[in-house]
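From a predicted model like this one, the values you see are computed outputs, not experimental measurements.
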Amino acid sequence: MTEHQLPQGFETLAIHAGQEADPQTGAVVTPIYQVSTYKQDGVGGLRGGYEYSRSANPTRTALEECLAALEGGSRGLAFASGLAAEDTLLRTVLKPGDHIVIPNDAYGGTFRLFAKVLTRWGVEFSVANMQDLADVRAQLRPATRAVWVETPSNPLLGIADLTGLAEIAHGAGAILVVDNTFASPYLQQPIALGADVVVHSTTKYMGGHSDVVGGALVAAEAGLGEELAYHQNAMGAVSGPFDAWLVMRGIKTLGVRMDRHSSNAEKIVELLSGHAKVTQVLYPGLPEHPGHDIAAKQMKAFGGMVSFRVAGGEQAAVEVCNRARLFTLGESLGGVESLIEHPGRMTHASVAGSALEVPADLVRVSVGIESVDDLLADLQQALG
Ligand SMILES: *Cc1c(COP(=O)(O)O)cnc(C)c1O
């Protein structure tokens with residue numbers, strides 16, 4: 001890490017953590033070390049500790065140190081995708097016969113990983129409403145090793161009390177895993193609230209430009225960090241150097257982007273809340289949102305994700321998505337450009353018929369950082 005240990009704020013860390021100027025050339029930005037292997041000075045004589053790029057690569061190391069600094073953890077690790085990070089985490093902390101509590105509104109791909117992959121491997125899971133701590137407690141078993149939560153959740157923007165969940169998990173001898181993809185570490189710091197591991201799809205706000213797929217883990221404690229690093233190398237689902245570089249570049253502007261995503265979202269919410277065709281707006285910044293007080297306590301702002309229900313049911317919701325022009329119809333989220341989608345038929349089609357099914361009249365928007373008046377005009381015309 002850095003030599004000069006002045007106290008550093010989030011935006012400073014986002015730009016500098018793990019990223020000293022290149023010692024050989026003075027390059028201000030960490031280069032893309034597009035390399036697989038490293039010359040040794042005599043057998044075992046590694047220069048700077050690098051041996052083979054699955055085990056470690058200087059570009060990835062820079063990103064990993066930055067991730068750890070931003071989440072306030074002891075170890076950051078970068079992966080090829082969010083799901084690759086999740087798989088590595090789960091097969092590090094769980095073994096056949098173990099049990100995990102997962103949210104009833106988990107990201108669809110995360111639910112599929114549990115339901116279709118981990119169950120075949122002998123791991124059992126229970127689904128809980130993470131907004132109801134009594135329900136989470138009721139799902140615990142002697143074999144429970146982890147509690148998994150996303151807050152805000154996808155696509156219903158539910159808010160879970162991280163401090164409360166950490167207490168429950170730790171009381172049961174389990175770890176608390178927080179998927180912090182929707183908030184990003186700029187808006188929410190789960191480790192400070194008791195989380196043991198933070199998960200990211202860096203594809204979303206961390207990368208921030210819809211040009212890379214990546215994932216990350218940050219461990220609070222060095223011991224678990226070591227185990228995860230061992231499995232990262234043993235399982236091999238690492239981030240490539242160019243992808244790591246893109247994520248690192250995106251992170252430099254995370255703070256200013258999140259501020260604008262949040263303020264644009266607030267204006268969109270205002271429009272939707274007063275619109276005759278909208279029957280409900282789901283946004284934690286709304287005082288009537290059931291998780292508003294907790295969100296106000298554990299988040300710096302309420303983020304750029306907004307969901308709403310459209311009068312007229314599924315067909316009306318699909319038509320709103322189809323009519324949008326500046327809001328691009330597409331999956332994913334967290335980029336500078338605004339996106340719109342119909343979760344029931346798109347991102348959450350894989351959970352249809354399960355406890356995680358979402359309302360058919362639901363539309364989800366990822367509010368970008370374009371001129372907000374243009375975004376408002378587009379939603380206005382899409383609502384008809
Ligand atoms: C996208 C996403 C994931 C999965 O990440 P990938 O990078 O697509 O593998 C996990 N959790 C959340 C909340 C996501 O939005």
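To the nearest 0.5 Å, atom SG of residue C321 and atom CZ of residue R345 are 9.5 Å apart. Note: L217 CG to L67 CG = 9.5 Å, rounded to the nearest 0.5 Å. One distance of note links CG of N233 with CZ of R54; it measures 5.0 Å at 0.5 Å rounding. To the nearest 0.5 Å, the span separating CD on Q232 from CZ on R75 amounts to 7.5 Å. With values rounded to the nearest 0.5 angstrom, E20 atom CD is found 9.5 Å from E65 atom CD. A distance of 8.5 Å separates CD of E341 from CG of L362, quoted to the nearest 0.5 Å.
Cation-pi contact between K267 and Y283: absent, since separation from the ring centre below 6.0 Å together with deviation from the ring axis within 45° is not met.
Residues L157 and M305 have side chains in contact (heavy-atom distance under 4.5 Å, counting atoms from C-beta outward). Side chains of Q19 and C66 form a contact here, defined as non-hydrogen atoms less than 4.5 Å apart. Using a 4.5 Å heavy-atom cutoff, the side chains of L94 and I100 are in contact. Side-chain contact between V238 and R60 is present, with at least one heavy-atom pair separated by less than 4.5 Å. When side chains are defined from C-beta on, V336 counts as touching R257, because their heavy atoms get closer than 4.5 Å. Residues F182 and L333 have side chains in contact (heavy-atom distance under 4.5 Å, counting atoms from C-beta outward). In this structure, P185 and F10 have side chains that are in contact, with non-hydrogen atoms separated by less than 4.5 Å. Residues L383 and F308 meet the side-chain proximity criterion, which asks for heavy atoms closer than 4.5 Å.
Nearest heavy-atom pair, E64 versus L77, reported as atom, atom and distance to 0.1 Å: OE2-CA, 3.3 Å. What you find for M258 and A183 is that their closest heavy atoms are CE-O, 3.6 Å. In plain terms, the two heavy atoms of A160 and Q298 that are nearest each other are O-NE2, 2.7 Å. What you find for L271 and L379 is that their closest heavy atoms are CD2-CB, 3.9 Å. In this structure, A316 and V310 approach most closely via the heavy-atom pair CB-CG1, 3.8 Å. In plain terms, the two heavy atoms of L133 and G164 that are nearest each other are CD1-CA, 4.0 Å.
Judged purely by atom type and a 3.5 angstrom limit, T92 has no side-chain atom pairing as donor or acceptor with the backbone of L228. In this structure a side-chain-to-backbone donor-acceptor pair under 3.5 Å is missing from H348 to G344. Using a distance-only test at 3.5 Å, with no hydrogens or angles considered, no donor-acceptor pair links the side chain of T59 to the main chain of P241. Between the side chain of N129 and the backbone N or O of N104, no donor-acceptor pair lies under 3.5 Å. The backbone N or O of G215 lies less than 3.5 Å from no partner atom in the side chain of S81, so there is not a single donor-acceptor pair. Judged purely by atom type and a 3.5 angstrom limit, T119 uses its side chain to pair as donor or acceptor with the backbone of A115.
For E221, the CD atom sits in a loose shell: 12 or fewer heavy atoms of surrounding residues, nucleotides or ligands are nearer than 6.0 Å. Annotation: R249, atom CZ; neighbour count of heavy atoms from other residues, nucleotides and ligands within 6.0 Å does not exceed 12. In the displayed structure, R141 atom CZ is contacted under 6.0 Å by more than 12 heavy atoms of other residues, nucleotides or ligands. No more than 12 heavy atoms of other residues, nucleotides or ligands shown are found within 6.0 angstrom of CD on Q24.
A donor-acceptor contact closer than 3.5 angstrom links the side chains of D135 and Q139. Judged by distance alone, the side chains of D373 and S371 never bring a donor and an acceptor atom under 3.5 Å apart. In this model, no donor atom of one side chain and acceptor atom of the other lie less than 3.5 Å apart for N57 and Y52. In this model, a donor atom of one side chain and an acceptor atom of the other lie less than 3.5 Å apart for E86 and T110. With hydrogens and angles left out, the side-chain atoms of D179 and H200 include no donor and acceptor closer than 3.5 Å.
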message = Please determine whether side chain to side chain donor-acceptor pair (under 3.5 Å) holds for the pair S210 and E337, giving the CA-CA distance in whole Å, both sets of side-chain angles, and the decisive distance to 0.1 Å.
response = CA-CA 8 Å; S210 306; E337 62 289 293; 2.6 Å; yes

query = Between K300 and Q189, is a side chain to side chain donor-acceptor pair (under 3.5 Å) present by the stated rule, with each step listed?
reply = CA-CA 9 Å; K300 187 183 170 98; Q189 305 245 301; over 6 Å; no

task = Let me see the working for D259 and S262 under side chain to side chain donor-acceptor pair (under 3.5 Å), right down to the final yes or no.
result = CA-CA 5 Å; D259 280 339; S262 300; 5.9 Å; no

task = Apply the test side-chain contact (heavy atoms from CB on, under 4.5 Å) to residues L282 and V306: give CA-CA distance (whole Å), side-chain angles for both, the deciding distance (0.1 Å), then the verdict.
result = CA-CA 6 Å; L282 307 174; V306 180; over 6 Å; no

message = Before you tell me yes or no, could you show the steps for R364 and H342 under side-chain contact (heavy atoms from CB on, under 4.5 Å), namely the whole-Å CA-CA distance, both residues' side-chain angles and the distance that decides it to 0.1 Å?
response = CA-CA 6 Å; R364 186 190 80 179; H342 184 265; over 6 Å; no

inquiry  = Could you walk me through whether T88 and H231 satisfy the side chain to side chain donor-acceptor pair (under 3.5 Å) test, starting with their C-alpha distance in whole Å, then the side-chain angles of each, then the deciding distance to 0.1 Å, before giving a yes or no?
reply    = CA-CA 7 Å; T88 303; H231 280 82; over 6 Å; no

task = Let me see the working for E51 and Q40 under side-chain contact (heavy atoms from CB on, under 4.5 Å), right down to the final yes or no.
result = CA-CA 8 Å; E51 183 174 20; Q40 305 192 4; 4.0 Å; yes

query = Between L246 and D211, is a side-chain contact (heavy atoms from CB on, under 4.5 Å) present by the stated rule, with each step listed?
reply = CA-CA 8 Å; L246 280 170; D211 54 10; 4.1 Å; yes

task = Evaluate ring pair (Phe, Tyr, Trp, His ring centres under 6.0 Å) for F302 paired with H292, printing each intermediate quantity in order.
result = CA-CA 9 Å; F302 302 103; H292 176 72; 5.4 Å; yes

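Between D378 and R325, none of the side-chain N atoms (NZ, or NE/NH1/NH2) sits under 4.0 Å from a carboxylate O, so this pair counts as no salt bridge. Using a 4.0 Å cut-off between a side-chain N of Lys or Arg and a carboxylate O of Asp or Glu, D293 and K297 do not qualify as a salt bridge.
Using bins of under 30°, 30° to 60° and over 60° for the plane-to-plane angle, the ring pair Y38/Y50 lands in the tilted bin. F114 and F125 have tilted rings, their planes meeting at an angle from 30° to 60° on a 0 to 90° scale.
When hydrophobic clusters are built by joining Ile, Leu, Val, Met, Phe, Trp and Tyr residues whose side-chain heavy atoms come closer than 4.5 Å, directly or via intermediates, V177 is not grouped with M130. No single ILVMFWY cluster, assembled from side-chain heavy atoms under 4.5 Å apart, contains both L286 and I294. Follow the hydrophobic side-chain contacts under 4.5 Å out from Y107 and you never reach I159; the two are in separate clusters. Hydrophobic clustering (ILVMFWY, side-chain heavy atoms < 4.5 Å, transitive): I175 and L193 are in distinct clusters. In terms of hydrophobic clustering, with Ile, Leu, Val, Met, Phe, Trp and Tyr side chains grouped at heavy-atom distances under 4.5 Å, M248 and V256 are assigned to different clusters.
Ring to ring, Y205 and H261 are close: their centroids are under 6.0 angstrom apart.
Of the candidates V372, T253, I369, R260 forms a side chain to side chain contact (heavy atoms under 4.5 Å, CB included) with just one, namely I369.
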